[in-house]
Asker: 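Quick one: the structure is below, and I'll ask about it shortly.
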Amino acid sequence: MTSNLAAVSYGVNLSPESLENVLKVLADAGASVSSESQGGDERFGVHTADLVVDADTEAGLLTVRRLVAEAAEAGVDTAIVSGSLRQAPRKFLIMDVDSTLIQQEVIELLAAHAGKREEVAAVTEAAMRGELDFAQSLHARVAVLAGLPAAVVDAVRQEVRLSLGAAELVAAFKEAGHVVAVVSGGFNQILGPIAEELGLDYWIANELEIVDGVLTGKVLGSVIDRAAKEKYLREWAAAEGISLEHTIAVGDGANDLDMLSAAGLGVAFNAKPAVRAVADAVITMPYLDAVRHIANV
């Protein structure tokens, strides 16, 4: 039995030597290259090798991924992607927000206005590494915001910057007729305008409680945590009639793990070690639109 896969290599210094190494590992894994193509731009290079592997699809995919990951060179990442996903006429992309769609952690920007940025950043890091319960850590971090004027939210919104290539990634998926969603452990008050500007199909985050123009230090309703992210991936994909094998999830922290695992392709974007270790694909350069090359969009 044969399976069709693609090896998509990308990096800011994608050299002929690094590609030779990838192709050798693929050959040693029993994968034959049926075609090759080059892509990318002045920021990073992309090389795609279409593969035929004499193995069961799932087993072959996992084996090739493991071997390529073990032989990876610094500065060059290679995603092994199923032909089914790359050729799907309609795909579903879902992303985390803080440190994924945007460059910053919003809770840290808010905490800076309370003089608590370093304290909150340490808790955020521990939560993203999976050392703390996300919901409990979120409540603790939001509590330090109590008493801040609501105008701080508007100020922080102006500080937020999209990740490099984020707008281009969303535009490419939308133009090709695919579905784009984000699910965030951050806050609706920040995400709403970003979602509208990008034209996202689905989005959700936590809601900061504001009473009489002042932050109370609480969030309203259930926290968007690790389990919720997977739940929305499944619900939204089903609503669009898109199978899970044709979904791509992108994130950086431990609270993204269930979502990345459930998706057809889980991508770790400049992620914590625990996330990189289990993701299907890894991006270690700052350009989020590498995802479009991985997904063949």
Side-chain angles (χ1 to χ4, degrees), residues 5-26 29 38-49 61-62 64-82 85-86 93-105 121 124-130 161-170 172-173 182 248-257 259-261 263-297:
L5 307 173
V8 185
S9 299
Y10 39 91
V12 294
N13 295 305
L14 194 61
S15 66
E17 292 77 17
S18 62
L19 290 177
E20 286 177 12
N21 177 59
V22 171
L23 292 173
K24 181 181 184 302
V25 173
L26 293 171
Q38 301 280 351
D41 51 32
E42 70 281 356
R43 299 168 303 150
F44 61 90
V46 179
H47 175 273
T48 301
L61 182 62
L62 295 176
V64 176
R65 275 182 182 157
R66 177 178 57 80
L67 293 172
V68 169
E70 289 173 352
E73 295 183 5
V76 177
D77 298 312
T78 298
I80 307 298
V81 192
S82 72
L85 172 59
R86 284 177 55 84
L93 171 65
I94 185 168
M95 295 179 283
D96 171 46
V97 175
D98 292 37
S99 296
T100 301
L101 182 71
I102 65 174
Q103 298 179 30
Q104 303 97 331
E105 291 284 336
T124 299
E125 278 292 308
M128 292 302 98
R129 291 193 300 264
R161 296 291 179 269
L162 291 174
S163 291
L164 301 176
E168 293 83 353
L169 172 63
V170 173
F173 265 76
V182 297
I248 305 104
V250 188
D252 73 300
N255 63 326
D256 299 315
L257 284 172
M259 175 176 77
L260 267 59
S261 176
L265 185 77
V267 181
F269 179 69
N270 292 319
K272 303 298 181 288
V275 181
R276 294 199 306 268
V278 298
D280 300 319
V282 173
I283 298 173
T284 55
M285 58 185 183
Y287 305 112
L288 187 60
D289 55 326
V291 172
R292 67 176 294 194
H293 297 282
I294 296 171
N296 192 33
V297 172

Asker: Not counting sequence neighbours, which residues clear side-chain contact (heavy atoms from CB on, under 4.5 Å) with Ala126? List them please.
Answerer: Arg129, Glu131, Leu132

Asker: Can you find a pair of side-chain heavy atoms, one from Asn13 and one from Val76, that are under 4.5 Å apart?
Answerer: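 Asn13 vs Val76: side chains apart.
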
Asker: Report the distance from atom CG of Asp77 to atom CG of Leu14, rounding to the nearest 0.5 Å.
Answerer: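 Spacing of CG (Asp77) from CG (Leu14) equals 10.0 Å.
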
Asker: Does the pair Leu93 and Val250 meet the rule for a side chain to side chain contact (heavy atoms under 4.5 Å, CB included), with working shown?
Answerer: CA-CA 8 Å; Leu93 171 65; Val250 188; 3.9 Å; yes

Asker: Provide the closest heavy-atom pair for Ala7 versus Leu26 in the form atom of the first, atom of the second, distance.
Answerer: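 Taking Ala7 first and Leu26 second, the nearest heavy atoms are CB-CD1, 3.7 Å.
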
Asker: Which donor-acceptor pairs under 3.5 Å do side chains of residues 288-297 form with protein atoms, sequence neighbours excluded?
Answerer:
residue	atom	partner	partner atom	Å
Asp289	OD1	Arg43	NH1	3.2
Asp289	OD2	Arg43	NH1	3.4
Asp289	OD2	Arg43	NH2	2.5
Arg292	NE	Val297	O	3.0
Arg292	NH2	Val297	O	3.4
Asn296	ND2	Arg86	O	3.2

Asker: Tell me every residue that passes ring-ring contact (aromatic ring centres under 6.0 Å, His included) with His47, counting only those two or more places apart in sequence or in another chain.
Answerer: none

Asker: For the residue pair Ala279 and Ala268, what are the closest heavy atoms and their distance?
Answerer: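 Closest heavy-atom pair between Ala279 and Ala268: CB-CB, 3.6 Å.
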
Asker: If I take atom CD from residue Gln103 and atom CZ from residue Arg161, how far apart are they, to the nearest 0.5 angstrom?
Answerer: 8.5 Å

Asker: How many angstroms lie between CD1 in Ile94 and CD1 in Ile248, if you round to the nearest 0.5 Å?
Answerer: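 Ile94 atom CD1 to Ile248 atom CD1 measures 11.0 Å (nearest 0.5 Å).
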
Asker: Using the side-chain contact (heavy atoms from CB on, under 4.5 Å) criterion, which residues pair with Val12? Sequence neighbours excluded.
Answerer: Phe44, Met285, Tyr287

Asker: State, yes or no, whether a side-chain contact exists between Asp252 and Asn270 at a heavy-atom distance under 4.5 Å.
Answerer: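 Counting from C-beta outward, Asp252 and Asn270 never come under 4.5 Å.
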
Asker: Show the nearest heavy-atom pair for residues Asp256 and Gly251, with the distance to one decimal.
Answerer: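 That would be OD2-CA, 3.4 Å.
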
Asker: Under the side chain to side chain donor-acceptor pair (under 3.5 Å) rule, collect the residues that match up with Asn255, sequence neighbours excluded.
Answerer: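 Asn255 satisfies side chain to side chain donor-acceptor pair (under 3.5 Å) with no residue once adjacent residues are dropped.
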
Asker: Given side chains that start at C-beta, do those of Ile283 and Val267 come closer than 4.5 Å, heavy atoms only?
Answerer: yes

Asker: Could you work out, with salt bridge (Lys or Arg N to Asp or Glu O under 4.0 Å) as the rule, every residue matching Asp98, not counting sequence neighbours?
Answerer: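 Expected list: none.
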
Asker: Go through the structure and list residues passing side chain to side chain donor-acceptor pair (under 3.5 Å) with Glu105, not counting sequence neighbours.
Answerer: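 Listed in chain order: Ser99.
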
Asker: Can you sort out the partners of Ser9 under side chain to side chain donor-acceptor pair (under 3.5 Å), two or more places apart, ordered by chain and number?
Answerer: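 Partners of Ser9 under the side chain to side chain donor-acceptor pair (under 3.5 Å) test: Thr78.
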
Asker: Sequence neighbours excluded, which residues qualify as salt bridge (Lys or Arg N to Asp or Glu O under 4.0 Å) partners of Glu70?
Answerer: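 Testing Glu70 for salt bridge (Lys or Arg N to Asp or Glu O under 4.0 Å), a comparison that skips the adjacent residues, returns Arg66.
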
Asker: Only pairs at least two apart or in different chains count here, so list each salt bridge (Lys or Arg N to Asp or Glu O under 4.0 Å) that has a residue in residues 276-286.
Answerer: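 Passing the test, one end in residues 276-286: Arg65-Asp280.
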
Asker: Which distance, rounded to the nearest 0.5 Å, do you find between the OH of Tyr10 and the OG1 of Thr48?
Answerer: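 It is 10.5 Å, given to the nearest 0.5 Å.
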
Asker: Who pairs with Ala277 by side-chain contact (heavy atoms from CB on, under 4.5 Å), at least two apart in sequence or on another chain?
Answerer: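 Result, side-chain contact (heavy atoms from CB on, under 4.5 Å) vs Ala277: none returned.
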
Asker: Nearest 0.5 Å, please: how far is CD1 in Ile80 from CG in Leu5?
Answerer: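 Rounded to the nearest 0.5 Å, the CG-CD1 separation comes out at 7.0 Å.
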
Asker: What's the separation between atom OG in Ser163 and atom CG in Leu169, rounded to the nearest 0.5 Å?
Answerer: 10.0 Å

Asker: Taking side chain to side chain donor-acceptor pair (under 3.5 Å) as the definition, give me every residue that meets it alongside Thr124, ordered by chain and number, with sequence neighbours left out.
Answerer: Arg141

Asker: Which pair of non-hydrogen atoms, one from Ala263 and one from Ala249, has the smallest distance, and what is that distance?
Answerer: CB-CB, 3.6 Å

Asker: Show, in sequence, the C-alpha distance, side-chain angles and deciding distance for Leu162 and Leu101, and conclude whether the side chain to side chain contact (heavy atoms under 4.5 Å, CB included) test is met.
Answerer: CA-CA 6 Å; Leu162 291 174; Leu101 182 71; 4.2 Å; yes

